[in-house]
Amino acid sequence: MASESNLRGRLAGKSAVITGAASGIGRATAERFAAEGASLVVNDREAAALDSLVAALTGKGAKAHAVSGDVSREADVRRLMDTAVQAHGGIDILVANAGVIPEADLAAATAELWDRAMATNARGMFLCCKFAAEVMVRRGKGAIVCLSSISAFAGQPGQAVYGPSKFVASGLTKHLAIDLAAKGVRINAVAPGTIATPAVARMAKEGIDKVVKLHPLGRMGRPEEVASAILFLASDEASFITGAVLPVDGGYLAQ
Ligand SMILES: NC(=O)c1ccc[n+]([C@@H]2O[C@H](COP(=O)([O-])OP(=O)(O)OC[C@H]3O[C@@H](n4cnc5c(N)ncnc54)[C@H](O)[C@@H]3O)[C@@H](O)[C@H]2O)c1
């Protein structure tokens, strides 16, 4: 990640904002983007973990700033985007990754759990897209990648709240693609299968083992494999792709 290689990276000269970057897929994406030459502003509500990520990135020569905050709070999201503009002159890329993965079937799900999950996965993703797009539209260019899921395509046990929340990610991607196309801004999503992140490690092992068997490639994905797909959609190599939801799922949705 030396500055010389940054000049040659696939995101050289780009300013990127990544939410939920302290863990899992967000962290792997931040590391990959930095290695590809992007200047980063990273967010998470876990401030200490976020600071340690930024220390690791800057230690390797990357430009990175931490803005801790909750994506469901409008003021926090505005502060995040304002920081990117002040630090790097604009926003070329948003990765709307911050998310929670509650496990609950319909009987166990409560209105309170629904509101809490939707605050991050739906309202938070909407706010991030809205305020990043404002900056991008002013400059007539930009690319957004949202984190959807296989749970936005196929029913699964214990996802009475999480599954619907991920339909929001796919829905924002489709509808905002139409709003933003003429303004030079692309928006796409990735739909990961089961990925080996701290969020998945916290789930009941028996249920995860069953789901992993449903992935034709026969294993969980790695956060770095999702980061590669996000990198492609965020980069200029995807310049004619907008409104797409790309499965990164070991073949789960092919069945
Ligand atoms: N891991 C999987 O199998 C999988 C599969 C499909 C989709 N996804 C999606 O990928 C994204 C990342 O998941 P992960 O598995 O890496 O989870 P993770 O728990 O490892 O990381 C998520 C990060 O988001 C942060 N976060 C949560 N709510 C926040 C909020 N309101 N404001 C700011 N930060 C917040 C957390 O602190 C955490 O650091 C999520 O949107 C998730 O729905 C994950």
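In each ligand, atom 1 is the first atom listed, and ligand 1 is the first ligand listed. Predicted, not measured: the structure shown is a model, and the values here were computed from it.
The protein non-hydrogen atom at the shortest distance from atom 6 (C) of ligand 1 is Pro192 O, 3.4 Å. Protein heavy atom in closest approach to atom 37 (O) of ligand 1: Asp44 OD1, 2.6 Å. Looking only at protein heavy atoms, the nearest one to atom 9 (C) of ligand 1 is Tyr162 OH, 3.9 Å. Among protein heavy atoms, the minimum distance from atom 16 (O) of ligand 1 is reached at Ile25 N, 2.9 Å. Atom 3 (O) of ligand 1 has its closest protein heavy atom at Ile195 N, 2.8 Å. Distance from atom 20 (O) of ligand 1 to its nearest protein heavy atom, with residue and atom name: Ser23 OG, 2.6 Å. Looking at atom 1 (N) of ligand 1, its nearest protein heavy atom turns out to be Thr197 OG1, 3.2 Å. Considering only non-hydrogen protein atoms, atom 32 (N) of ligand 1 sits nearest to Val71 N, 3.0 Å.
For ligand 1 and Glu46, the ligand atoms under 4.0 Å from any heavy atom of the residue are 37 (O). The distance from ligand 1 to the heavy atoms of Thr194 drops below 4.0 Å at these ligand atoms: 3 (O). The distance from ligand 1 to the heavy atoms of Ser149 drops below 4.0 Å at these ligand atoms: 6 (C), 7 (C). Residue Ser148 approaches ligand 1 through these ligand atoms, each under 4.0 Å from one of its heavy atoms: 6 (C), 7 (C). Residue contact check: Val200 has heavy atoms under 4.0 Å from atoms 1 (N), 2 (C), 3 (O) of ligand 1. Taking a cut-off of under 4.0 Å to the non-hydrogen atoms of Gly69, the atoms of ligand 1 that pass are 32 (N), 33 (C). Atoms of ligand 1 lying under 4.0 Å from at least one heavy atom of Gly24, given by number and element, are 16 (O), 20 (O). Every atom of ligand 1 is numbered from 1 in the order shown, and the set under 4.0 Å from a heavy atom of Thr120 is 28 (N), 29 (C), 30 (C), 31 (N).
Side-chain contact check for Thr197 versus Val226: every heavy-atom pair is 4.5 Å or farther apart. With a 4.5 Å cut-off on side-chain heavy atoms, Leu40 and Leu57 count as touching. No side-chain heavy atom of Thr58 sits under 4.5 Å from any side-chain heavy atom of Lys63. The side-chain heavy atoms of Gln255 and Pro216, taken from C-beta on, include a pair separated by under 4.5 Å. Under the 4.5 Å side-chain criterion, counting only non-hydrogen atoms from C-beta, Lys14 is not in contact with His88.
Heavy atoms from both the backbone and the side chain of Asp70 come within less than 4.0 Å of ligand 1. Only side-chain heavy atoms of Arg202 come within less than 4.0 Å of ligand 1; its backbone N, CA, C and O stay farther off. With a 4.0 Å heavy-atom cut-off, ligand 1 is reached by the side chain of Asn43 but not by its N, CA, C or O.
A distance of 14.5 Å separates CG of Asp249 from CE of Met220, quoted to the nearest 0.5 Å. Atom CD of Glu36 sits about 5.5 Å away from atom CZ of Arg10, to the nearest 0.5 Å. Atom CD1 of Ile93 sits about 8.0 Å away from atom CG of Asp236, to the nearest 0.5 Å. Atom-to-atom distance recorded for Leu147:CG and Thr29:OG1 is 7.0 Å, nearest 0.5 angstrom. Here Arg27 contributes atom CZ and Glu224 contributes atom CD; the two are 11.0 Å apart, rounded to the nearest 0.5 Å. In this structure, CG on Leu214 lies 8.5 Å from CD1 on Ile150, to the nearest 0.5 angstrom.
Checking Cys146, Gly193, Pro223 against atom 4 (C) of ligand 1, the nearest heavy atom belongs to Gly193. Relative to atom 40 (C) of ligand 1, the option among Val190, Asn97, Leu147 with the closest non-hydrogen atom is Asn97.
Between the side chains of Thr120 and Ser72, not a single donor N or O lies within less than 3.5 Å of an accepting N or O. With no hydrogens or angles considered, a side-chain donor-acceptor pair links Ser228 and Arg32 at under 3.5 Å.
Not a single heavy atom of Gly124 sits closer than 4.0 Å to an atom of ligand 1.
Residue contacts with ligand 1: Lys166 is placed with a nitrogen or oxygen under 3.5 Å of a nitrogen or oxygen of the ligand (distance criterion only).
A salt bridge does not link Asp82 to Arg79: none of the charged nitrogens lies less than 4.0 Å from a carboxylate oxygen.
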